[in-house]
Protein chains: 2
Amino acid sequence: MTSRPRPKQSRKLPEQRRAEILRTAARIGLEEGLERITLRRVADALGVRPGLISHYFPVADHLLSEAFAFAATTERGSLLPSDEEELPPVERLARFLVRLTDGDYRDLSRLWLNARHLSRFKDTLREAVGAQESQTRAELVALVGKGVRAGEFTTDDEVRAALHILITVDGLGAYANDDAPQEGPDYGDAAIETAEARLGLAPGTLRARALPARTAAG
Amino acid sequence: MTSRPRPKQSRKLPEQRRAEILRTAARIGLEEGLERITLRRVADALGVRPGLISHYFPVADHLLSEAFAFAATTERGSLLPSDEEELPPVERLARFLVRLTDGDYRDLSRLWLNARHLSRFKDTLREAVGAQESQTRAELVALVGKGVRAGEFTTDDEVRAALHILITVDGLGAYANDDAPQEGPDYGDAAIETAEARLGLAPGTLRARALPARTAAG
DNA sequence: TAAGTTGTTGGCCATGTGCCCAATAAAGGC
DNA sequence: GCCTTTATTGGGCACATGGCCAACAACTTA
């Protein structure tokens, strides 16, 4: 009856193991919070010993910041995918904002809230947050600029318009941990409306353009 | 040589001691972060033993949430004082937003960021955050409504306008822990501009009205 | 002045954290 | 085949946290 369910040690290639650790830590940070990314928690999730995590990330804070960067990058890619289809900027922006508003991105908002607060105490995380913010800003500024040049958006200041949209997104994200209020109006569409106002779009445009127009072909 | 610098015990009235603890905890939370509100940290600041803090707050999380509520209420009072002078709503709103933008309220933004994140894990804090949010919203909605009735503001939806201003404020607050960027534009006036746009005020009105008009009187 | 109430202390325990180090075992080079 | 490298383990240390509890002492009351 000597069942040998698993070998005592399963040795893996360093890069593979490191990536595995990073992926797991990112998931934990996203789902349970960045402060739950501990050596023991990550090790448990992978079925290894805590010392192994230390072996790949001698400084625990580095694992934390790298895991945040990984999670943020992945989620941003899901929210604002690369423009391979050459979609019209309105449509890309519409999908971005409508997904963020309606979709299941509460974990992402929580992650950003988490990271922005925790970066108060952890320097490397603060750098990672800054880098991710720069990246997001750059992508949105580029998108707005493209839309302006395409004649789809109208604004006197592309950068400020993009920043204003992001400020609204981050403002809504601040409430990600709130209990759902039984009374009182929510204003979940604030980012969408801000975008329409700042980019010279008619109210309702973004929601209408969020889904591919299949009415004719359907 | 028997110097008796301090009595071993300085017994205080319960309410007085409790208020002292709360005030100290609020200051620590505001300056150092809510997670620094520990039994030992508060006890050290007061020169007493940790057990005494437990005596007044048997559940440490209750001290945390009460300290946050205390700090948030105090700071809100400083930022948006009660309307004893019967100031015009434009002026009250102007002072509120300009103080928040220019003044030394970074600690306050950090506190809110801190509380909103930490409320993910701590139920009583989440309730306190919700209550403080309701209070702030109610006061701003009232202010906007007063301004509309006074003919100073123009909006089709007072509540949404107020909420939009707060969302912008909270969005800017999300960056409270960021390093000051050497390059790139900041958009610190976003809340002021949002308010002017949503309330039908000419750009620049709020900054102009923030200070008492002393030009005539010299 | 004596007794009682309770604010306050000192100490301990269980838990969780990052980090360090020697021992072990799996993989690759010769 | 052996030998070297290193991925992985197991154990431990120092520190911080919240909470519990008995003893002490300041103040009130009789």
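Every chain is numbered from 1 and lettered A, B, ... according to where its sequence line falls, protein lines coming before strand lines. Predicted model, so just to flag it, every value in this text is computed and none were measured.
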Query - Pi-cation contact, A:Tyr175 with B:Arg137 (under 6.0 Å, within 45°) - result: yes
Query raised in the report: Any ion pair linking B:Glu15 and B:Arg18 (charged N to carboxylate O, less than 4.0 Å)?
Result: no
Query - Between P of C:dT8 and CD1 of B:Ile53, the distance in whole Å - result: 10 Å
**Report entry** B:Arg41 bridged to B:Asp44 by N-O distance under 4.0 Å
**Finding:** no
Please list, pair by pair, any protein nitrogen or oxygen found under 3.5 Å from a nitrogen or oxygen in nucleotides 3-7 of chain D.
from  : atom 1 : to      : atom 2 : distance (Å)
D:dT6 : O2     : A:Arg11 : NH2    : 3.1
D:dA7 : OP2    : A:His55 : NE2    : 2.6
D:dA7 : O4'    : A:Arg11 : NH2    : 3.2

Query raised in the report: Between B:Arg116 and B:Glu133, is there a salt bridge with N-O shorter than 4.0 Å?
Result: yes
Check: protein-nucleotides 19-22 of chain C nitrogen or oxygen pairs below 3.5 Å:
from   : atom 1 : to      : atom 2 : distance (Å)
C:dC19 : OP2    : A:Pro58 : O      : 3.4
C:dC19 : OP2    : A:Ala60 : N      : 3.0

Query raised in the report: Taking CZ from A:Phe121 and P from C:dT17, how many angstroms apart are they, rounded to a whole number?
Result: 18 Å
Requested in this report: Flag the pair B:Arg160 and A:Asp189 as a salt bridge only when some basic side-chain nitrogen lies within less than 4.0 angstrom of an acidic carboxylate oxygen.
Outcome: no
Report task. Specify the separation, in whole Å, of atom CZ of A:Arg18 and atom C1' of D:dT8. Result -> 17 Å
Query raised in the report: With a 4.0 Å cut-off, would you call B:Arg17 and B:Glu20 a salt bridge?
Result: yes
Query raised in the report: Among side-chain atoms of A:Gln135 and A:Glu139, is any donor-acceptor pair under 3.5 angstrom?
Result: yes
Report summary line: In whole angstroms, the gap separating P of C:dA26 from CZ of A:Arg49 amounts to 16 Å
Query - For atom CD of B:Gln16 and atom P of D:dC27, their distance in whole Å - result: 12 Å
Query - Between C1' of C:dT17 and CG of A:Leu63, the distance in whole Å - result: 14 Å
Query raised in the report: How are the rings of B:His164 and A:His164 set to each other: parallel, tilted or perpendicular (split at 30° and 60°)?
Result: parallel
Query raised in the report: Taking atom P of C:dG18 as reference, at what distance in whole Å does atom CG of A:Leu34 sit?
Result: 13 Å
